[in-house]
There are 2 protein chains.
Amino acid sequence: MDIVENLELAARYREILRQALYVVRSIDADGELSTAQTSTLNMLAAAPMRIGLIARNAGIRVPSATEQVTKLAAAGLVERVPSHTDARVVEVRLTEEGRRTLKAANLRRNREMARAFDSLSPRERQAINLAIPAIEKLNVALSP
Amino acid sequence: MDIVENLELAARYREILRQALYVVRSIDADGELSTAQTSTLNMLAAAPMRIGLIARNAGIRVPSATEQVTKLAAAGLVERVPSHTDARVVEVRLTEEGRRTLKAANLRRNREMARAFDSLSPRERQAINLAIPAIEKLNVALSP
DNA sequence: GCCTAATAGTTAGGGTGCCTAACAGTCAAG
DNA sequence: CTTGACTGTTAGGCACCCTAACTATTAGGC
């Protein structure tokens with residue numbers, strides 16, 4: 001790939017990323033849950049999980065995961081359950097309220113997103129769909 | 001598009017956005033310029049621009065643009081030039097040093113990005129390339 | 001010409017979400 | 001039983017965005 005082309009691609013890529021993230025955040029801001037909180041809850045909906053694994057899955061550091069969990073716990077959406085096999089470990093588990101709240105938040109958000117996705121052509125939706133795994137791979141390649 | 005499918009697409013989309021932005025930021029953090037600063041400088045490289053237009057182009061509010069410009073001006077990379085036709089207006093213009101710094105930063109960043117893009121297949125690169133306009137459109141559709 | 005309304009930008013204060021460094025507690029291995 | 005590795009928390013800090021409230025200037029109606 002041409003260097004100049006690459007530079008332009010990279011610049012545009014960075015630009016739309018920034019915009020996209022903040023647009024998504026502004027949608028999330030209307031609701032009960034922030035973007036990162038939803039992301040964490042969605043992870044925990046599959047299975048209870050310890051802090052370190054939350055961090056690893058989210059691609060963030062352990063203290064950042066602690067922070068998110070602390071917020072969620074304060075809101076009563078998750079609970080910390082000490083592991084009985086290893087006293088260092090904390091299992092984080094959705095509460096019933098957490099599950100309800102997440103469900104509602106996902107629905108609400110989905111309505112907004114669906115409205116936006118509907119304004120795209122099938123080709124465009126497909127383009128985003130196809131790009132997602134590539135961006136995931138790029139994220140890994142760019143990670144330290 | 002199916003609701004469930006859409007929900008999953010939206011969730012994954014949100015997830016990779018967050019990761020991608022912070023990965024890019026961590027690359028930028030090694031250099032002289034932050035992500036937002038580079039983005040602003042790149043915009044100004046084309047032409048001098050007033051604060052309001054910077055904000056509009058970047059999809060941010062005017063005070064946020066002021067903040068970025070203030071940082072850049074403090075670093076000597078841009079200068080505020082009062083308009084002589086309208087005393088309320090401030091034109092922001094790259095300094096020579098700003099131009100040099102931006103060029104160097106773009107080169108350095110490009111090396112990093114190119115390395116990452118090289119680890120993708122041509123198909124994957126193409127997928128990202130094609131998705132960019134679609135994401136741009138989605139950003140607009142999601143904006144308030 | 002003057003007052004009012006609109007407009008450009010700044011300042012102040014706040015919030016999210018990430019980071020590193022330093023720490024406490026627990027476990028495992030010699 | 002001590003040393004070293006590991007899990008999570010705390011403290012402090014930074015990038016980047018926001019809204020609300022302000023100042024200065026311009027423009028339009030009377």
Side-chain angles (χ1 to χ4, degrees), chain A residues 14-15 17-41 49-75 78 80-92 139 143-144, chain B residues 14-15 17-40 49-56 58-75 78 80-92 139 143-144:
Chain A
R14 249 199 304 274
E15 199 51 32
L17 282 185
R18 191 185 51 73
Q19 291 199 8
L21 184 67
Y22 283 100
V23 163
V24 165
R25 260 190 207 170
S26 79
I27 290 175
D28 290 352
D30 293 343
E32 329 73 15
L33 296 174
S34 75
T35 304
Q37 284 172 356
T38 313
S39 160
T40 307
L41 285 187
M49 210 173 277
R50 36 143 111 191
I51 303 273
L53 193 53
I54 292 176
R56 185 129 36 93
N57 284 351
I60 61 180
R61 302 289 167 184
V62 170
S64 305
T66 295
E67 188 182 334
Q68 292 305 325
V69 168
T70 300
K71 276 187 203 165
L72 291 170
V78 304
R80 287 183 162 95
V81 183
S83 158
H84 49 270
T85 68
D86 184 338
R88 291 170 302 181
V89 168
V90 178
E91 287 271 324
V92 182
N139 285 346
S143 291
Chain B
R14 248 199 304 275
E15 201 51 34
L17 283 185
R18 189 185 53 72
Q19 290 199 7
L21 185 67
Y22 283 100
V23 162
V24 165
R25 256 188 214 173
S26 79
I27 290 175
D28 290 351
D30 293 342
E32 329 75 13
L33 296 173
S34 75
T35 304
Q37 283 173 355
T38 313
S39 160
T40 307
M49 211 173 276
R50 34 145 108 189
I51 303 272
L53 193 54
I54 293 177
R56 185 128 37 91
I60 60 181
R61 302 290 166 184
V62 169
S64 305
T66 295
E67 187 183 335
Q68 292 304 325
V69 168
T70 300
K71 274 187 204 165
L72 291 170
V78 304
R80 287 182 163 95
V81 183
S83 159
H84 48 271
T85 68
D86 184 339
R88 292 169 303 181
V89 168
V90 178
E91 287 270 324
V92 182
N139 284 347
S143 292

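Reminder, nothing fancy here: chain letters follow the sequence lines and each chain counts from 1.
Scored by the side chain to side chain contact (heavy atoms under 4.5 Å, CB included) test, A75(B) finds L77(B) as partners (sequence neighbours excluded). Scanning for side chain to side chain donor-acceptor pair (under 3.5 Å) contacts around D86(A) gives R88(A), with sequence neighbours left out. Here A65(A) pairs with I51(A), I54(A), A55(A), I60(A) under the side chain to side chain contact (heavy atoms under 4.5 Å, CB included) rule; sequence neighbours left out. Remark: T38(B) pairs with L33(B), N42(B), L102(B), N106(B), R109(B) by the side chain to side chain contact (heavy atoms under 4.5 Å, CB included) rule, at least two apart or across chains. Scanning for side chain to side chain contact (heavy atoms under 4.5 Å, CB included) contacts around A20(A) gives Y13(B), L17(B), I135(B), N139(B), with sequence neighbours left out.
Distances shorter than 4.0 Å separate none of the side-chain N or O atoms of S34(B) from OP1 or OP2 on dA15(D). Listed pair Q68(A) / dC18(C) meets the phosphate criterion, a side-chain N or O lying under 4.0 Å from OP1 or OP2. For S64(B), a side-chain nitrogen or oxygen approaches OP1 or OP2 of dC18(D) to under 4.0 Å.
Here dC27(C) presents its P atom at 13 Å from NE2 of H84(A), a figure rounded to the nearest Å. One can place CG of L33(A) at 15 Å from C1' of dG17(C), the figure rounded to the nearest angstrom. As a whole-Å value, the separation of R61(A) CZ from dT20(C) C1' is 9 Å. The CG-P distance, from N139(B) to dC17(D), rounds to 13 Å in whole Å. Look at CE on M49(A): it is 17 Å from C1' on dG8(D), rounded to the nearest Å. Atoms CZ (R25(A)) and P (dC16(D)) sit 12 Å apart, rounded to a whole Å. Distance CD1 (I27(B)) to P (dC19(C)): 14 Å, rounded to an integer number of Å. Atom NZ in K71(A) sits about 16 Å away from atom C1' in dT9(D), given to the nearest Å.
The nucleotide whose nearest atom lies closest to any side-chain atom of Y22(A) is, among dT25(D), dC18(C), dC16(D), dC16(D).
Taken to the nearest 0.5 Å, the CD atom of Q68(B) stands 8.5 Å off from the OG atom of S39(B).
Annotation: R80(B), atom CZ; neighbour count of heavy atoms from other residues, nucleotides and ligands within 6.0 Å is above 12.
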### Message
Output one letter per nucleotide in nucleotides 1-15 of chain C: B when a protein non-hydrogen atom lies under 4.0 Å from the base, S when only the sugar-phosphate is that close, - when neither is.
### Response
-----BBSSBB----

